[in-house]
Asker: 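One structure, pasted below without further comment.
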Amino acid sequence: MSKILIRGAKVLGGDPQDVLIDGETVEAVGSGLSAEGAEVVEAAGKVLLPGLVDLHTHLREPGREDSETVLTGTRAAASGGYTAVFAMANTFPVADTAGVVEQVYRLGQEHGYCDVQPIGAVTVGLEGKKLAELGAMHESAAGVTVFSDDGKCVDDAVIMRRALEYVKAFGGVVAQHAQEPRLTEGAEMNEGVVSAELGLGGWPAVAEESVIARDVLLAEHVGSRVHICHLSTAGSVEIVRWAKSRGIDVTAEVTPHHLLLTDELVRSYNPVYKVNPPLRTERDVLALREALADGTIDIVATDHAPHPHEDKDCEWAAAAMGMVGLETALSVVQETMVDTGLLTWAGVADRMSFKPAAIGQAAGHGRPVSAGEPANLVLVDTEYRGRVDPAGFASRSRNTPYEGRELPGRVTHTWLRGKATLVDGKLT
C-alpha cells in the first residue's frame with residue numbers, strides 16, 4: 001500500500017498539520033512533512049478526525065435486504081465518515097445466536113467499507129422471555145460485547161437483571177431501548193400539546209424515564225454496565241446525571257435527529273418524521289444538547305433505520321418508524337453542537353469516535369491521530385453548505401427527514417486502516 005500525505009489539515013480542529021500514512025498506520029504527524037512518491041491530499045482549511053464509530057446502526061441483513069444490506073449500509077457509513085458500525089440485532093432471523101452474528105460480521109469483512117461489529121440480542125427472538133446465547137455470541141468469531149433488543153424494551157426486570165449479571169462475566173454491556181410497553185400502546189408521537197391538537201396517540205416521556213430509572217438501579221445492584229439507547233427527554237437526562245453522580249456505570253447516547261428536530265414537524269403528517277422514540281419538544285432538544293456538551297450524554301449514535309419507499313410513503317398510522325442517518329450525522333452535529341459553540345471539533349471526536357469505540361470495545365478505532373496509531377481517519381470540509389439530496393445517498397433507503405434542508409459540512413475523504421473508502425466525496 002502506498003504512502004499518503006495529508007497536507008495542512010486541522011487535526012481535531014487545531015492548528016494545521018501534515019499527517020503521513022504508511023500502509024495501515026499513521027507514520028508521522030507534524031509540520032513540513034514529505035515522503036517520496038506519496039499520494040498528496042491537500043487539506044488546507046479542512047478538519048481531520050479519527051474515523052467515526054456508530055454504536056447504533058440497523059443494517060437489516062439478513063431478512064430485510066429491501067431496506068438495506070451490509071454492503072449498502074457500510075457504503076453509507078463510509079460516505080458519512082464512519083470506519084466502524086455496530087449492527088443491531090433486530091434482523092430476520094434475529095441475531096440471537098453465534099451463527100447469525102458471525103454471518104453479519106463476515107459480510108462486513110468481505111465488503112470492506114467499514115468494520116461491522118454485530119450486536120447480539122438480549123432475549124431469544126427479541127421476545128423478552130428467555131435470555132439469548134450471550135456467552136456463545138461473545139465467544140464466537142464476532143466477539144460480541146454489546147447486547148440489545150433494540151426496537152423492543154427488555155421490560156421484564158428479572159430478565160434485565162439476569163442479562164446484566166451475565167455480561168458482567170466478560171465485560172459486556174446491555175444497551176436498553178427504554179420504552180415501557182404498557183405506557184406506549186397505540187402511541188404514534190410525543191405526548192403533549194401537539195399530539196392533543198392532532199388527535200394522535202401520545203408517547204409520554206415517563207415511558208422512557210421510568211425504564212432508565214429502573215435499569216440504572218439494577219446496574220448498581222449487580223455492579224454491571226448499562227447503556228441507554230437514543231435518550232430523548234429532559235427527564236431522562238436528569239436521571240442519567242443523577243446515576244453518574246452516584247458512580248453507577250451507565251452510558252447514554254443521543255441521535256442527531258433528537259438534537260435538531262421537534263414534534264412540531266409532525267403537524268405535516270409526513271411519515272418521514274415518525275420515529276422511535278418520537279421527536280420531542282424544543283425544551284427536550286435543548287436539554288439534550290446541553291447534556292451532550294457537559295458529558296452527561298456520552299455519545300452520538302445515528303439509529304440509522306432504513307425503510308423501503310412503500311413503508312414510509314403511506315398514511316401516518318401505517319408508516320414504519322425510523323430515519324436513515326449515517327450520511328448526515330456529522331453535518332447535524334456540526335449545526336447543533338459545533339456551530340452553536342457547545343462543542344469543539346475535539347469534543348466531536350470524543351463523542352463520535354473515542355467514547356463509542358470505548359463503550360463497544362472496538363479495537364483499533366477511536367484512537368488518537370498520532371504516530372503508530374491505525375490510520376482510521378475522516379477529512380471534513382467544515383466550510384461547505386449544501387442541501388440534502390437523498391437521491392445521492394449510498395444507503396438503499398431514502399427516508400431522511402432532512403431532504404431539501406441546508407446543512408453544513410461535507411465528508412470528503414474516509415480512510416479505513418490506510419485504505420481510502422471515500423475520495424473527494426465519492427466512494428472508491
Side-chain angles (χ1 to χ4, degrees), residues 56 58 64 67 88 90 126 128 149-153 155 176-213 228-239 253-289 301-325 328 332 336 388 390 397-405:
H56 193 146
H58 296 275
R64 284 305 306 264
S67 303
M88 277 295 176
N90 58 340
L126 308 181
D149 277 3
D150 183 64
K152 295 182 179 181
C153 178
D155 63 304
Q176 176 68 292
H177 173 116
Q179 176 191 349
E180 168 51 56
R182 293 295 302 278
L183 290 174
T184 54
E185 290 179 1
E188 298 180 82
M189 67 168 296
N190 178 57
E191 182 179 281
V193 173
V194 180
S195 67
E197 292 180 2
L198 298 181
L200 293 176
W203 190 306
V206 71
E208 174 176 300
E209 295 158 7
S210 59
V211 173
I212 295 173
I228 309 302
C229 295
H230 43 49
L231 186 149
S232 70
T233 77
S236 295
V237 166
E238 291 307 312
I239 294 166
E253 71 191 32
V254 65
T255 71
H257 48 271
H258 285 113
L259 290 172
L260 181 60
L261 309 177
T262 74
D263 61 354
E264 289 290 335
L265 291 164
V266 181
R267 293 185 186 278
S268 68
Y269 287 102
N270 186 340
V272 76
Y273 299 120
K274 188 176 181 181
V275 66
N276 180 349
L279 301 179
R280 304 291 189 178
T281 67
E282 181 71 15
R283 173 177 171 269
D284 292 309
V285 167
L286 295 177
L288 295 172
R289 292 183 188 181
T302 69
D303 193 8
H304 175 80
H307 292 292
H309 178 72
E310 60 270 19
D311 286 358
K312 279 292 193 178
D313 189 16
C314 57
E315 64 272 20
W316 178 273
M321 294 182 179
M323 305 167 170
V324 292
T328 52
V332 175
T336 58
V388 176
S397 295
R398 302 287 180 267
N399 51 305
T400 173
Y402 310 116
E403 181 174 5
R405 186 172 188 139

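Positions are given from 1 along the sequence.
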Asker: I'd like to know whether CZ of Arg283 has more than 12 heavy-atom contacts from other residues, nucleotides or ligands below 6.0 angstrom.
Answerer: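 Not more than 12 within 6.0 Å, no.
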Asker: Step by step, would you call Glu180 with Ser210 a side chain to side chain donor-acceptor pair (under 3.5 Å)?
Answerer: CA-CA 7 Å; Glu180 168 51 56; Ser210 59; 5.4 Å; no
Asker: What distance do Tyr269 atom OH and Leu200 atom CG have between them, rounded to the nearest 0.5 Å?
Answerer: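 The distance works out to 5.0 Å.
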Asker: Taking all heavy atoms of Asn190 and all of Pro278, pick out the closest pair and write down the distance.
Answerer: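 Smallest heavy-atom distance, with atoms named: N-CB, 3.5 Å.
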Asker: Would you give the length of the straight line joining atom CG of Asn270 to atom CH2 of Trp316, rounded to the nearest 0.5 angstrom?
Answerer: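 Reported value, rounded in 0.5 Å steps: 8.0 Å.
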Asker: How close do Ile212 and Ala178 get, heavy atom to heavy atom, and via which atoms?
Answerer: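 Heavy atoms only, the tightest pair is CG1-CB, 3.7 Å.
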Asker: So, His257 versus Asp303: side-chain donor-acceptor pair below 3.5 Å or not?
Answerer: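 Side-chain D/A pair, His257 to Asp303: absent.
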Asker: Do the non-hydrogen side-chain atoms of Leu288 and Val237 ever get within less than 4.5 Å of each other?
Answerer: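 Yes, their side chains come closer than 4.5 Å.
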Asker: Closer than 4.0 angstrom, basic N to acidic O: yes or no for Glu403 and Arg398?
Answerer: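 Salt bridge between Glu403 and Arg398, a charged N being under 4.0 Å from a carboxylate O: no.
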Asker: Heavy-atom distance under 4.5 Å between the side chains of Leu183 and Glu191, does that happen here?
Answerer: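 Not touching, per the 4.5 Å side-chain cut-off.
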Asker: Side chains of Asp311 and Arg64: does their closest heavy-atom pair fall under 4.5 Å?
Answerer: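 Of all side-chain heavy-atom pairs linking Arg64 with Asp311, at least one is under 4.5 Å.
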Asker: Is Gln179 close to Val211 at the side-chain level, that is, under 4.5 Å between some pair of heavy atoms?
Answerer: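 Of all side-chain heavy-atom pairs linking Gln179 with Val211, none is under 4.5 Å.
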Asker: Would you say the side chain of Lys274 lies within less than 4.5 Å of the side chain of Lys312, judging by non-hydrogen atoms?
Answerer: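 Answer yes - side chains close enough.
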Asker: Hey, are the side chains of Val194 and Arg267 touching, using non-hydrogen atoms and a 4.5 Å cut-off?
Answerer: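 In contact.
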Asker: Determine whether Leu261 and Pro401 make a side-chain contact, defined as any pair of heavy atoms from C-beta on separated by less than 4.5 Å.
Answerer: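 Sidechains of Pro401 and Leu261: in contact.
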Asker: Walk me through it: do Arg405 and Thr328 pass the test side-chain contact (heavy atoms from CB on, under 4.5 Å)?
Answerer: CA-CA 11 Å; Arg405 186 172 188 139; Thr328 52; over 6 Å; no
Asker: Can you list the steps and then say if His258 with Asp284 is a side chain to side chain donor-acceptor pair (under 3.5 Å)?
Answerer: CA-CA 8 Å; His258 285 113; Asp284 292 309; over 6 Å; no
Asker: Can you measure from NE2 (His304) to OG1 (Thr400) and round to the nearest 0.5 angstrom?
Answerer: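 Here the interatomic distance stands at 10.5 Å.
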Asker: Mind checking whether Glu188 and Ser195 have side chains closer than 4.5 Å, heavy atoms only?
Answerer: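 Side chain of Glu188 against side chain of Ser195, heavy atoms only: no contact under 4.5 Å found.
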Asker: Which of parallel (below 30°), tilted (30 to 60°) and perpendicular (above 60°) describes His56 and His230?
Answerer: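 Plane angle between 30° and 60°, so tilted.
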Asker: What's the shortest heavy-atom distance between Ala187 and Met321, and which atoms?
Answerer: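 Heavy atoms only, the tightest pair is O-CE, 4.0 Å.
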Asker: Going through the distances and angles, do Arg280 and Thr233 end up as a side chain to side chain donor-acceptor pair (under 3.5 Å)?
Answerer: CA-CA 7 Å; Arg280 304 291 189 178; Thr233 77; 5.9 Å; no
Asker: What heavy-atom pair brings Val324 and Pro306 nearest, and what distance separates the two atoms?
Answerer: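 Looks like CG1-CA, 3.6 Å.
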Asker: In Å, rounded to the nearest 0.5 Å, how long is the span from NE2 of His307 to OG of Ser397?
Answerer: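 Reported value, rounded in 0.5 Å steps: 8.0 Å.
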Asker: Can you tell me how far CG of Asn399 sits from CG of Asp313, rounded to the nearest 0.5 angstrom?
Answerer: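 Answer for the CG-CG pair, Asp313 versus Asn399, is 11.5 Å.
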Asker: Looking at Ser236 and Glu209, what are the two nearest heavy atoms and their distance?
Answerer: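 Shortest heavy-atom contact: OG-CG, 3.3 Å.
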Asker: Side-chain donor-acceptor pair under 3.5 Å between Thr336 and Arg289, yes or no?
Answerer: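 Absent: no donor and acceptor within the cut-off.
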Asker: If I take atom CG from residue Asn276 and atom CD from residue Glu208, how far apart are they, to the nearest 0.5 angstrom?
Answerer: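 Between atom CG of Asn276 and atom CD of Glu208 there are 9.5 Å.
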Asker: One pair to check against side-chain contact (heavy atoms from CB on, under 4.5 Å): His58 and Asp150. What are the steps and the verdict?
Answerer: CA-CA 10 Å; His58 296 275; Asp150 183 64; 3.0 Å; yes
Asker: Shortest non-hydrogen contact from Met323 to Tyr273?
Answerer: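 Nearest heavy atoms, Met323 then Tyr273: CE-CA, 3.8 Å.
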